[in-house]
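Down below is the structure, laid out as C-alpha cells.
In this text, all values refer to a predicted model and were calculated from it rather than measured experimentally. Numbered from 1 within each chain, the chains take letters A, B, ... in sequence-line order.
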Amino acid sequence: MSDSLLRTDKEIAEIYSRHVKTVYRVCFAYMKDPADAEDAVQETFFKLIRSGPAFDGEEHEKAWLIRTASNVCKNVLRHWWRRRESIEDCPTLPGSDEPEIDDVFQAVMALPDKYKAVVYLHYYEGFSGAEIAGILKKPQSTIRNHLHEARAILKERLGDDFDEK
Amino acid sequence: MISMKNEAIIASWNKIGPSALAQERMFSAIMARNRSLHENKDKDRYISKAKKALIPAAACFALLIAVTAILGSGRLDLRRGTGLRDAGHEGDIDGTLPGDLPEGMDPIVASLAVFPEGESLADVSDAVLIGLSEEEAYRVEQLGRRLPSVIPDGYRFRHAGLYKTTMKNGAVYYLLSASYSFGDTAFDDSQEDVPDTLDFSVSVLSFKPETKAETYSFDELPDDLSGKGFLYVVYGDTYVGVDVGDLTHEEIMSVLNSVN
C-alpha cells in the first residue's frame, strides 16, 4: 500500500457531510436509480479513504470527488455484468424514496455519459470551461465541444425550459 | 467561455438527493471502511516487522518450490478459455450466450452462473455478482486466502467480484475473481482513461469445474506457462484459474508460488 493520507473518522465524516449531496447528484445522473447511485457514492468515498489524496482546500476536495464519482460510474456502466438495466428492475432499499425526476433532469440523464459531469459542473456549479478542464483533466477544447454539444441536445429537447440566463 | 449557471438545471438537480436513511446507510458503510483501513494499517506494520525476519527462509522455500515445479513438469499445449466459461458457465465473457437457454432461464442469470462438474444450468435458481474491493476480496471466507499475495512488478489490483450461484436444490456455489492491470492508470479510477483490456486475472473456486482448460497440480506445471491463456492449478480441494495474459513464465510462477 502506498504512503497515503490516512484520515481520521472525524475528517472523513466532515468531508462526507460537506459533499455527499453533490456526489450523490452526480452519481444519480449516471446510474439513474437510487440503489446504484448509493453504491457509487460509497465507492467514491472508499476511493477517497484508500488513496488518501491531500487537498488544497474544499473546492479541490469537491473537484476530486466529482471527478472520481464520474469515473466510478463510467466504470460500473462499462462492466458487462451490470445486472440492472432500468429503474423498474431495482430492488427497493429502505429509505430509497424515488426522487422527483422532472423533464429537465430526464433530459440530463438521457445525455451521453461523457457530457453529464461537464453539464453538472457548468450549469449547476457554475464552473467555467477552463476550470472544468482542470477538474476533469481534459483539454479545454474537449470541454468546449462537450458543452456545445450538450447544450444543443438540451435546447432541442427542452426548448424554452432551457433558457440560459 | 463564460461561466453560466442554469436555473432550470439547478432547480431540477436540487430535487435529487439521498434520503436521510440512505445517507445514514452510506455513512455507516464509509466509516466502517475507514476504521477497517486503520486496523489493517496497524496489522500491516506488525506483519512487515515479522516479514523482515522471515525473508531468508521464504527465499529458500520459494527456490525449492520453483525447482520442484520445473523438474516435475512437462511441456503441454493449453487451450485458451475464460475462467467463467470454464467454471460451468454457459455464457461467454462478453455476455453472449451460445445456443438455447433452458426454458424460463434469465439470460443474465445464465451469464453469471458458476457450478461444478455434473451440475446443469437448468438446475440454477439464481446467480448474482457482488463487486468487491481489494480488501474485501482477500477477506472472502475460504477463497480470499487463495488469491495471490505477490503481484508482478508494475501490476496492480484492478477489481474483483464474487459470483454466487444458488441451485434449485439449495446448494450454493461461489467463484471469486480478481483482475490485475499493468500500470497506474489501469487501476486508478480517478483517472479518465481506463483501458478495457485486463492484463491477467485469477479465479478461485471451491469446487471442480466442468472445464476444457488444462488443469495441473502445483507440482506438475509445464516449464513454460507464458502465452498459455487460461489454466487451472489445483491446491488441495481448491481450483485456482489463471488467465495469464501477457505475463512471463517467471511472473506466472511468482503469482502461483504466492497462492496459499
For a 4.5 angstrom cut-off between non-hydrogen side-chain atoms, does B/Asn14 reach A/Tyr124?
yes
For a 4.5 angstrom cut-off between non-hydrogen side-chain atoms, does B/Glu135 reach A/Arg50?
yes
Whatever's closer than 4.5 Å to a heavy atom in chain B on A/Ala13 counts as both
So, B/Asn34 side chain and A/Arg7 main chain: donor-acceptor pair closer than 3.5 Å or not?
yes
Would you say that more than 12 heavy atoms from the other residues, nucleotides or ligands in this model lie under 6.0 Å from the CD of A/Glu14, or not?
yes
Under a 4.5 Å heavy-atom cut-off, does chain B meet the side chain of A/Phe105, its backbone, both or neither?
both
Please check if the number of heavy atoms outside B/Tyr174 that lie under 6.0 Å from its OH is greater than 12.
no
In this structure, CZ of B/Arg33 is separated from NZ of A/Lys47 (nearest 0.5 Å) by 10.0 Å
Atom pair CD1/CG of B/Ile16 and A/Asp102 - distance to nearest 0.5 Å
7.5 Å
Measure the spacing between CD of A/Gln106 and OG of B/Ser12 and express it to the nearest 0.5 Å.
9.0 Å
For A/Val108, is it the side chain, the backbone, both or neither that has a heavy atom under 4.5 Å from a heavy atom of chain B?
side chain
Sort B/Gln23 into side chain, backbone, both or neither according to what part of it lies under 4.5 angstrom from a heavy atom of chain A.
both
Tell me if the NZ atom of A/Lys62 is crowded by more than 12 foreign heavy atoms within 6.0 Å.
yes
Beyond-backbone contact of B/Met26 with A/Tyr24, side-chain heavy atoms, under 4.5 angstrom:
yes
Any side-chain to backbone donor/acceptor pair from B/Trp13 onto A/Tyr120? Under 3.5 Å, distance only.
no
Please say whether more than 12 non-hydrogen atoms of neighbouring residues, nucleotides or ligands are located less than 6.0 Å from NE2 in A/His60.
yes
Using a cut-off of under 4.5 Å on heavy-atom pairs, state which of A/Asp9, A/Thr8, A/Ile12 scores highest against chain B.
A/Asp9
Closest heavy-atom contact between A/Phe46 and B/Ile30?
CE2-CA, 3.8 Å
Atom CG of A/Leu154 and atom CD1 of B/Ile9: how far apart are they, to the nearest 0.5 Å?
5.5 Å
